[in-house]
J.: 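Below you'll find the structure I mean.
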Amino acid sequence: MKLPRTTLILILLALGLGGFVYFSEIRGATVREETKEENKQIFSFAADDVQSLTVKTKKLTLNLERNPESSSNPKWLIKSPVSGPANDAIVSYLMDLLVKGKSDRTLSTPPKELGQFALDEPPATINITLKNRQNHQLILGKSNFNGRFLYAQTDPAAKPNGNINVLLVSTDFANAVNRELSEWKQPVDNSQKLPPLTIPKPTPTNSK
């Protein structure tokens, strides 16, 4: 049975209207939800709120604590795998990223797909303990397709729909945590180990 031309046009218009409604309302709502999450602050705490940090990478698990003698240097101490003063510049660099860092975009992802972002077996994890005993976690995955960002999770928890938020964060986080233990230690001031410079006295000569 051949449909009249007018009926066919009405059907095509209805299909087109349905597609428009889907992309503008349903799909558009998802895009708007992701847009709201763009450039969102990763964490809301301040640097002075942090009491301790645990940085775990494939090669190293490092525990850092704020120096209880707040007026003295260094501001941070390494508690394990060795004990000693930490490199304040290195720790401050990481702290600055945690406090001021923003996510470029947030993706709502089913838990079974976390492996695509290397978040099931993450290359690095940062555990943060605040002075008020609150705990936060940043899980770092692999870089995205163009290498501009890292996939990450913060305080992982499933949303009501069962999905998990995956963030895109700066690759500076990878530079901040992938360090040798020697880099985390306070640099040795070699000038303090050198003996004082002494100038030999001239030997008197006998005049004839």
Side-chain angles (χ1 to χ4, degrees), residues 40-104 109 111 114-144 147 149-158 164-194:
K40 182 180 178 182
Q41 199 86 11
I42 298 175
F43 294 110
S44 59
F45 53 77
D48 289 341
D49 296 333
V50 179
Q51 177 61 34
S52 64
L53 294 169
T54 298
V55 179
K56 184 177 181 181
T57 64
K58 297 291 186 181
K59 298 191 300 182
L60 179 68
T61 298
L62 183 82
N63 292 303
L64 298 160
E65 283 191 11
R66 189 178 293 276
N67 192 341
E69 302 294 334
S70 56
S71 59
S72 63
N73 287 321
K75 296 179 181 178
W76 289 90
L77 302 173
I78 300 175
K79 306 303 291 185
S80 67
V82 296
S83 297
N87 187 325
D88 280 339
I90 296 296
V91 180
S92 294
Y93 176 61
L94 173 59
M95 187 65 66
D96 195 58
L97 291 172
L98 292 171
V99 172
K100 299 179 182 179
K102 295 182 178 181
S103 62
D104 178 77
T109 307
L114 291 179
Q116 298 180 14
F117 310 104
L119 290 169
D120 55 340
E121 296 181 3
T125 303
I126 305 169
N127 291 305
I128 307 140
T129 301
L130 305 184
K131 292 177 181 178
N132 62 5
R133 302 298 181 184
Q134 287 186 1
N135 296 306
H136 295 279
Q137 187 179 55
L138 178 64
I139 301 173
L140 301 174
K142 68 178 184 180
S143 58
N144 69 333
F149 300 99
L150 294 178
Y151 294 112
Q153 284 180 271
T154 57
D155 301 335
I164 295 175
N165 281 341
V166 174
L167 285 62
L168 286 173
V169 302
S170 171
T171 54
D172 289 341
F173 277 102
N175 299 328
V177 300
N178 290 318
R179 299 181 182 274
E180 300 294 333
L181 178 59
S182 58
E183 295 181 77
W184 291 102
K185 296 179 180 179
Q186 185 184 52
V188 177
D189 187 357
N190 292 322
S191 63
Q192 297 180 358
K193 293 187 174 183
L194 295 176

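Positions are given from 1, in the same order as the sequence printed here.
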J.: Roughly how far apart are D49 CG and Q134 CD, rounded to 0.5 Å?
T.: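 Here the rounded value is 9.0 Å.
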J.: Of all heavy-atom pairs between D155 and H136, which one has the smallest distance, and what is that distance?
T.: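 In this case the closest contact between D155 and H136 is OD2-ND1, 2.8 Å.
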J.: Answer yes if the side chains of T57 and N178 hold a donor-acceptor pair under 3.5 Å, and no otherwise.
T.: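 N178 and T57 do not have a side-chain donor-acceptor pair below 3.5 Å.
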J.: Any donor-acceptor pair under 3.5 Å linking the side chain of D96 with the backbone of Y93?
T.: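 Checked: no pair found.
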J.: Atom CG of L168 and atom OG of S143: how far apart are they, to the nearest 0.5 Å?
T.: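 Answer rounded to 0.5 Å: 10.5 Å.
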J.: Determine whether a donor-acceptor pair (N or O, by modelled atom type, separation under 3.5 Å) exists between the side chain of D88 and the backbone of K75.
T.: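 Answer holds: yes.
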J.: Contact between V169 and F149 at the side-chain level, heavy atoms closer than 4.5 Å - yes or no?
T.: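 SC-SC contact between V169 and F149 ruled out.
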J.: Could you please spell out the steps behind the side chain to side chain contact (heavy atoms under 4.5 Å, CB included) verdict for W76 and M95?
T.: CA-CA 11 Å; W76 289 90; M95 187 65 66; 3.4 Å; yes
J.: Would I126 and V177 count as a side chain to side chain contact (heavy atoms under 4.5 Å, CB included) if you check the C-alpha gap in whole Å, the side-chain angles of each, and the deciding distance to 0.1 Å?
T.: CA-CA 9 Å; I126 305 169; V177 300; 3.7 Å; yes
J.: A side-chain contact here means heavy atoms from C-beta on lying under 4.5 Å apart; do F117 and L150 qualify?
T.: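 Contact flag for F117/L150 side chains = no.
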J.: If every non-hydrogen atom of L181 is compared with every non-hydrogen atom of P81, which pair is closest and at what distance?
T.: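 Distance-wise, the nearest heavy atoms are CD2-CG, 4.1 Å.
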J.: Quick one: CD1 on I78 to CD on E65, what's the gap to the nearest 0.5 Å?
T.: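 Output value for this atom pair is 12.0 Å.
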J.: Indicate yes or no: at least one non-hydrogen side-chain atom of L114 is less than 4.5 angstrom from one of I164.
T.: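 Sidechains of I164 and L114: in contact.
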J.: Taking the side chain as C-beta and beyond, is there a heavy-atom pair between T129 and N127 under 4.5 Å?
T.: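 In short, these two side chains do not touch, never coming nearer than 4.5 Å.
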J.: May I ask you to test the D48-V50 pair for a side-chain heavy-atom distance under 4.5 Å?
T.: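 A side-chain contact under 4.5 Å is absent here.
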J.: Can you tell me if Q186 and N87 form a side-chain donor-acceptor pair at under 3.5 Å?
T.: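 Looking only at side-chain atoms, N87 and Q186 do not form any donor-acceptor pair under 3.5 Å.
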J.: Please answer whether the main-chain N or O of W184 pairs with a side-chain N or O of R179 as donor and acceptor at a distance below 3.5 Å.
T.: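 Checked: no pair found.
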J.: Within this structure, what is the NZ-CD1 distance for the pair K56 and I139, rounded to the nearest 0.5 Å?
T.: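 The distance works out to 10.5 Å.
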J.: How far apart are the closest heavy atoms of P74 and N67, and which atoms are they?
T.: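 Smallest heavy-atom distance, with atoms named: O-ND2, 2.7 Å.
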J.: Which heavy atom of Q153 sits nearest a heavy atom of L119, and at what distance?
T.: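 Closest pair (atom of Q153, atom of L119, distance): OE1-CB, 3.7 Å.
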J.: Taking the side chain as every heavy atom from C-beta outward, state whether L140 and Y151 have any pair of such atoms under 4.5 Å apart.
T.: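 SC-SC contact between L140 and Y151 ruled out.
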J.: Does CD belonging to E121 count more than 12 external heavy atoms closer than 6.0 Å?
T.: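 No, the 6.0 Å shell around CD holds no more than 12 heavy atoms from other groups.
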J.: For V99 and A47, which heavy atoms make the closest approach, and how far apart are they?
T.: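 Heavy atoms only, the tightest pair is CG2-N, 3.6 Å.
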J.: Please indicate whether K131 has more than 12 foreign heavy atoms, meaning atoms of other residues, nucleotides or ligands, lying under 6.0 Å from its NZ.
T.: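 It does: K131 NZ has more than 12 such atoms within range.
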J.: In Å, rounded to the nearest 0.5 Å, how long is the span from CG of L94 to CG of D172?
T.: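 L94 atom CG to D172 atom CG measures 11.0 Å (nearest 0.5 Å).
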J.: Any side-chain heavy atom of Q137 within less than 4.5 Å of one from P156?
T.: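 Result yes, sub-4.5 Å side-chain heavy-atom pair found.
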J.: For P68 versus L77, what's the shortest heavy-atom pair and its separation?
T.: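 Closest approach of P68 to L77: CD-CD1, 4.1 Å.
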J.: Determine yes or no for a side-chain-to-main-chain donor-acceptor pair under 3.5 angstrom, with N63 supplying the side chain and K79 the backbone.
T.: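 Answer holds: no.
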J.: Taking it one step at a time, do L53 and L98 satisfy side chain to side chain contact (heavy atoms under 4.5 Å, CB included)?
T.: CA-CA 11 Å; L53 294 169; L98 292 171; 4.0 Å; yes
J.: Taking the side chain as everything from C-beta on, heavy atoms only, tell me whether T154 gets closer than 4.5 Å to L167.
T.: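 Of all side-chain heavy-atom pairs linking L167 with T154, at least one is under 4.5 Å.
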J.: Take V55 and L60 through the test side chain to side chain contact (heavy atoms under 4.5 Å, CB included) and record every step on the way to the result.
T.: CA-CA 8 Å; V55 179; L60 179 68; over 6 Å; no
